[in-house]
Structure formats: structure tokens, C-alpha cells
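First comes the structure, then the notes that go with it.
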Amino acid sequence: MVSPTIDPKLLEILVCPVTKQPLRYDAEAQELISDAAKLAYPIRDGIPIMLVDEARQLDAEPVPAKQ
Amino acid sequence: MENSFTVFDRRAVRLHRERAAHLGDGDFLLREVAEHLLDRLDDVRRRFPLALDLGCHTGQLARLLNGRGGIETLVQCDLAAAMVRGATGLRLAADEEALPFRDGAFDLVLSCLSLHWVNDLPGALIQARRALKPDGLFLAALFGTDTARELRASLMAAELEVEGGASPRVAPFADVRDAGDLLVRAGFALPVADSDTLTVSYADPLRLMADLRAMGETNAMRERRKTLTRRETLLRAAGLYRERYGGADGRVPATFEVVFLTAWAPAAGQQQPLRPGSAQHRLAAALGGNEIGSGVPADPGRR
């Protein structure tokens, strides 16, 4: 199965909701990474989940999605 | 941000919306209000190529859009990912209290019946304004103070009667009289706030409660009761609702007040209100009447 890709138009306008700094797109991990906040926001089924509650702490090990 | 002024439990708001995404069929009110909101967009002779639907539910607004407002790209976000999954545009999950968009990204921000669950409404408005380009349009609908007043009164009376105490059950809503000030405080220009009252006729008060659940509009106040409400209390509330508000046909009305907000991100060259006292012509002359002095001297800063 081809992993759903994120629309470049969306990438262009997204920033970290905490720091309002630009994000790095990790296509392999399907994450949007905020270096300033040390958070990785997951992309699930092509939908970026830009919620701090759902983000992975960058110092921590990758964890499976909650619930 | 959580302190003693935090009214809503945002995690509960999100859970209720996640659940509502799977219940479906309770969205007639949402579609009705979205239609009113888009009527206002029709009144604006401008094109908005890149727009945001803030709190998009399952995409009801987008389905009614039909190319109106010259929107070429619509970004849809909601606090609940399950809601967004039903949408079809550029989708994401986002919190109205912490928006993930760069400054000046959008030509238009639309929001239909989502901002009433926000704790920090001025903060959310500031974030929406920042996401707009200069001279971008903000157009929102949110529930006003009169919403579900029959239900609020019936539930409180029933709870007092059956359980000897009452807990907050219907959320506090925005007052249209404060809304204009809020927009100004959030840095918007040319703000307009007005409200419409919709009355929906229900066969039964319990049907109304089921519909509210299907819209994800269940109680998410932090001070809400965390235990299940006794069935007896709900039935008594439904009985009181029928007694107090029911019509001859046995149906009951439910009031929904919707506050519409229209405002623009400030820009140079935008029309500005004139300074008080700067008029070039007398109103009395235009009306052909006699002018009666107010006794207050004219603005000394004039001329």
C-alpha cells in the first residue's frame, strides 16, 4: 500500500502550534517535527494531528498511537 | 492553559466530537447555520482563493460551498480527528486555542458553530486574525446566550427537585453585545456582530437531547457532574420542559441563538471610521429640521 502523502500546499502553511516555528516533514516516519518545541506531530492516514496531547516528545522513544 | 477561569474541559470537548463523528444525522442545525454563514459570504464582492474552515465538523460547510466566495483551496481543521476524517479538503486536526498556521496564510477564515467550546475566546480570535492576510475576512457563527434556555431551566429545576442540588449543564454562551468588543480587542477592523434566533420544534425533549449528543454538543464544562445523571432526573426534566413550553400539538420548541461575527484583518487603505466631530455637513440640515444644541461644546481638537 502506498502511504498517503501530505499535500505540499498544506505543508507550506503549517507551523508548530506551540512555538509557531516552521516544521520539518519526515516522510518515512510520517511526522511533522518541531525542533524548537522538541515535538513530533503524527500524520495519520494523511491527516496531520497538530495537537500537543498527541505529539511525541523528541527525546523519547517512538510510541504507538494512543488508544 | 488551565486555571480557575477555565470553563471547558477541552479533552471532553474533543471526546464528544470524536463520538459525534460516528453518530451522524444530528447535523441539520449545523447545515442550516452554515447556509446562513455562506449567505453572508455571498454579500462580499471579493474572491478568497485560500480559506480555512475552523472547526469543520465532518465537512458540512464545504459541501454547501459550491464554489462560492471564489475559494480555490479550503483547509479544514477540527479538534477531533474523527470529525476531520469525514471531510474531503486539505484536512488536519488542530486546536482553536493553539492554531498551527503561519501568520498571514489565509484570505478567509470561516468558523461554523465551533468557537463556543473555546475557553479563551479572545485568544482564539487573535490567532484567527494572525492567520489571515492583511484585509483577510473572518466570518464566524457561534451559539449565543439564549441557546437551549428551555433545556437549561428544565434540567436545573428537575435536578433540584429530584436530587436536591444542581450542577452546571448548559454551557455559558457568547453575548452578542460583547462580541463586537471582543473582535476589536483581538485586533480586527470593521467588526460587526449580530444574532439570529432559530426555533426548532421537537416531538419530544429527549429527542432534543439525543440530537445535541449527535452534534457533539454534550456537556464539557469542567465543573460538570462526572457521575451519570439519574434517569429519573432526565425524565422529570423532559416532563417539566413539556409542561412549561409544550404547545397544544404536544411538540416542544427549542431556542438556538446564533451570533454571527464579521471582521477584517487590518490593512492600510482599508476604510476607516471618521473621528467624532469631523462631519462636514449638519445632520439637521440633511433632515430639514431645527437643530437643538446638546449643551456640550464641540470637540476642541476639531479643525
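Chain identifiers are assigned alphabetically (A, B, ...) following the order of the sequence lines, protein sequences preceding nucleic acid strands; residue numbering begins at 1 within each chain.
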Do Arg85(B) and Ile47(A) pass the side-chain contact (heavy atoms from CB on, under 4.5 Å) test, and can you show the C-alpha distance, the side-chain angles, and the key distance before you say yes or no? CA-CA 8 Å; Arg85(B) 241 167 237 131; Ile47(A) 301 174; 3.8 Å; yes
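Closest approach of Ile13(A) and Phe106(B) over heavy atoms only: CD1-CZ, 3.5 Å. Residues Asp45(A) and Arg91(B) approach most closely at O-NH2, 4.3 Å, considering heavy atoms.
Contact annotation: the side chain of Lys20(A) approaches that of Leu99(B) to within less than 4.5 Å [non-hydrogen atoms, C-beta and beyond]. Contact of the Leu51(A) side chain with the Leu79(B) side chain is registered, since non-hydrogen atoms from C-beta on lie closer than 4.5 Å. Between Leu92(B) and Ile49(A), the closest side-chain pair of non-hydrogen atoms is not below 4.5 Å.
Comparing Leu90(B), Leu50(B), Val75(B) by heavy-atom pairs within less than 4.5 Å of chain A, the highest count is held by Leu90(B). Ranked by non-hydrogen atom pairs under 4.5 Å with chain A, the options Arg102(B), Gln127(B), Arg130(B) are led by Arg102(B).
Atom CZ of Arg63(B) has more than 12 heavy atoms from other residues, nucleotides or ligands within 6.0 Å. No more than 12 heavy atoms of other residues, nucleotides or ligands lie within 6.0 Å of CZ in Arg185(B), so this atom counts as exposed by the packing criterion.
Within the model, atoms CE of Met50(A) and CZ of Phe101(B) stand 8.5 Å from one another, a figure rounded to the nearest 0.5 Å.
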